[in-house]
**Student:** 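After the structure tokens below, expect a handful of questions from me.
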2 protein chains.
Amino acid sequence: MNESDFLRDYDPTAYEPMAVTADVVALTIRDGRLHVLLIRRAEPPHQGMWALPGGFVRGDDLKDAAARELAEETGLLPHDLDRVHLEQLGTYGKPGRDPRMRVVTVAFLAFAAWMPDPKAGSDAEAAAWTPLTATRELAFDHGDILEDGLERARSKLEYTPLATSFVGDEFTISELRAVYEVVWGEPLHPGNFHRKVLSVPGFVEATGTTTERGGPRGGPRARLYRKGDARLLHPALLRPSREDEIR
Amino acid sequence: MNESDFLRDYDPTAYEPMAVTADVVALTIRDGRLHVLLIRRAEPPHQGMWALPGGFVRGDDLKDAAARELAEETGLLPHDLDRVHLEQLGTYGKPGRDPRMRVVTVAFLAFAAWMPDPKAGSDAEAAAWTPLTATRELAFDHGDILEDGLERARSKLEYTPLATSFVGDEFTISELRAVYEVVWGEPLHPGNFHRKVLSVPGFVEATGTTTERGGPRGGPRARLYRKGDARLLHPALLRPSREDEIR
DNA sequence: CAAATAGTGTCTCTAAGACATTATTAG
DNA sequence: CTAATAATGTCTTAGAGACACTATTTG
């Protein structure tokens with residue numbers, strides 16, 4: 001292989017043009033339900049359909065491109081973005097997934113305790129936090145990407161302290177349990193969950209304070225906790241009943 | 001946003017040119033040690049350095065591009081490729097990781113029980129299965145990619161039956177244990193491992209036969225097993241002693 | 001007051017790991 | 001024969017989950 005072959009290989013215009021986008025599956029919990037950030041497409045193809053927010057990767061890093069896109073759609077400031085967990089989910093590049101041209105999409109997964117109401121970005125006529133129970137069919141293969149993101153989120157709750165990204169700085173064990181119940185989609189045993197969380201080293205750390213009031217329907221004040229210093233939960237909090245996924 | 005803005009966004013030549021490659025971290029076990037497939041770069045940059053095999057994504061799917069690259073470097077036939085586990089590892093796109101131009105690399109992870117000796121492909125003057133203990137510094141950020149691949153491999157042995165991809169169709173529990181020991185880099189208790197593997201539903205399935213001979217240094221003939229139908233190991237085989245990774 | 005909830009106690013069963021033991025093979 | 005190894009047994013301890021219970025708070 002000589003130098004001209006070499007340069008030809010590195011000239012994308014010599015082959016099919018290829019675009020790289022960074023799309024985001026942004027999850028948050030509102031009103032006790034899991035929500036995903038969606039935009040309504042203002043242009044064809046799939047005009048009028050809901051899709052994941054995303055945009056072209058320019059001169060920045062892939063993760064920075066995803067963060068920028070998330071900030072654009074949500075109105076988050078760079079300062080707020082520091083408090084959002086953002087990780088790479090996977091890359092989707094099947095030919096034909098975008099009817100116009102070859103598009104390779106690097107998908108990211110974002111978790112946040114609270115996010116402002118979205119404002120429409122430049123490439124969407126509307127953006128909205130949508131309850132997962134209400135999601136319709138999405139544009140392109142974004143339905144698959146969303147499914148992969150949800151499975152990743154469910155899985156990461158098991159062996160990382162990620163659930164603390166969904167709650168505020170100080171939280172009660174019940175609030176943490178609500179995160180697990182909403183993401184996993186099944187009720188957990190309050191007493192066992194409580195004891196389990198406190199038994200995992202570094203998961204949470206007591207603040208020494210309690211809530212001002214008890215629950216809205218009674219009950220004592222709950223102790224408040226902060227995120228601990230563990231990066232992995234050991235032992236892990238495994239999901240109950242996944243018999244169907246094993247075989 | 002009007003149609004011309006739109007098309008401009010989809011024309012990659014209007015911005016920095018971007019290339020997409022599929023690179024492969026191919027792992028196999030030879031002589032009781034973990035090996036990775038490396039090529040020696042025939043062209044600058046990093047001429048003469050070792051690197052992961054990879055190539056540009058053309059009109060095919062990302063995974064197909066990775067499989068093609070793997071086949072090229074190893075001389076594997078499509079038929080053999082069916083028996084190789086191939087999964088997406090992650091995508092690396094930091095600006096400057098290739099000094100020539102913006103390159104986004106989708107990395108794949110491959111596991112195989114046995115692979116033929118590599119032959120040099122078109123863009124390498126040499127290719128070789130290299131013991132991991134003997135890997136020098138790699139070109140580009142391939143050292144990081146390799147590290148990520150190894151960690152993924154170690155982790156997947158815990159909760160999937162992936163170890164069976166490293167052994168032949170029929171194998172003994174000791175052979176399976178050797179896979180775990182080599183990938184995890186630490187000895188395991190033979191008796192406990194044996195009982196544990198057999199206790200995980202669907203991990204392995206007895207063939208009813210045994211090896212022809214005992215071990216090279218004595219011992220009874222071992223029973224032979226096949227891969228079972230489990231997709232997830234439950235309970236998982238957790239790595240011992242990862243205290244350092246928890247915090 | 002009744003109802004709800006936080007937090008803890010207790011019991012059972014499973015699983016992990018340390019260690020021992022027996023049977024079978026190679027050399 | 002001895003050394004090595006396959007396979008199983010035994011014991012201890014940790015952890016998951018079911019269930020009960022007390023204390024505290026709301027309305």
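Every chain is numbered from 1, with letters handed out A, B, ... down the list of sequences.
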**Student:** Over how many whole Å does the gap from A:Tyr180 atom OH to D:dG17 atom P extend?
**Tutor:** 13 Å

**Student:** Taking atom P of C:dT5 as reference, at what distance in whole Å does atom CG of A:Leu176 sit?
**Tutor:** 17 Å

**Student:** Identify which nucleotide among C:dA26, D:dT5, C:dA6 has an atom closest to any side-chain atom of B:Ser174, counting heavy atoms from C-beta outward.
**Tutor:** D:dT5

**Student:** Quick one: B:Glu186 CD to C:dG17 P, roughly how many Å, whole number?
**Tutor:** 10 Å

**Student:** Closer than 4.0 Å, any side-chain N/O of A:Arg217 to the OP1 or OP2 of C:dT5?
**Tutor:** yes

**Student:** Below the 4.0 Å mark, does D:dT5 have OP1 or OP2 next to a side-chain nitrogen or oxygen of B:Arg223?
**Tutor:** no

**Student:** Between B:Arg177 and B:Asn192, just flag the one whose closest nucleotide in DNA chain D comes earlier from the 5' side.
**Tutor:** B:Arg177

**Student:** What distance separates B:Leu146 CG from B:Leu132 CG, expressed to the nearest 0.5 Å?
**Tutor:** 6.0 Å

**Student:** If the cut-off is 4.0 Å, is A:Arg213 near the phosphate of D:dG27, judged by side-chain N/O to OP1 or OP2?
**Tutor:** yes

**Student:** Please report the distance, rounded to the nearest Å, between CZ in B:Arg221 and C1' in C:dA26.
**Tutor:** 12 Å

**Student:** Within the pair B:His194 and D:dA6, is there a side-chain N or O less than 4.0 Å away from OP1 or OP2?
**Tutor:** no

**Student:** May I have the distance from B:Leu238 (atom CG) to C:dA15 (atom P), rounded to whole angstrom?
**Tutor:** 13 Å

**Student:** Toward the 5' end of DNA chain C, which comes first, B:His189 or A:Leu198, by nearest nucleotide?
**Tutor:** A:Leu198

**Student:** Would you classify A:Pro240 as touching base, sugar-phosphate or nothing, given that sugar-phosphate means primed atoms plus P, OP1 and OP2, and contacts are heavy atoms under 4.0 Å?
**Tutor:** nothing

**Student:** If the plane angle is over 60° it's perpendicular, under 30° parallel, otherwise tilted; pick one for B:Tyr180 and B:Trp184.
**Tutor:** perpendicular

**Student:** Evaluate whether atom NE2 of B:His234 has more than 12 neighbouring non-hydrogen atoms of other residues, nucleotides or ligands under 6.0 angstrom away.
**Tutor:** no

**Student:** Looking across every strand, which nucleic acid part, if any, lies under 4.0 Å from A:Gly218 by heavy atom: base, sugar-phosphate, or nothing?
**Tutor:** base

**Student:** How do A:Pro220 and A:Arg195 order along DNA chain D: which one's closest nucleotide is nearer the 5' end?
**Tutor:** A:Arg195

**Student:** Under 4.5 Å between any side-chain heavy atoms of B:Leu27 and B:Phe166, yes or no?
**Tutor:** yes

**Student:** When you check the gap from the basic side-chain N to the acidic O, do A:Lys94 and B:Asp61 get nearer than 4.0 Å?
**Tutor:** no

**Student:** Base, sugar-phosphate alone, or nothing: which one does A:Pro190 contact when heavy atoms must sit under 4.0 Å apart?
**Tutor:** nothing

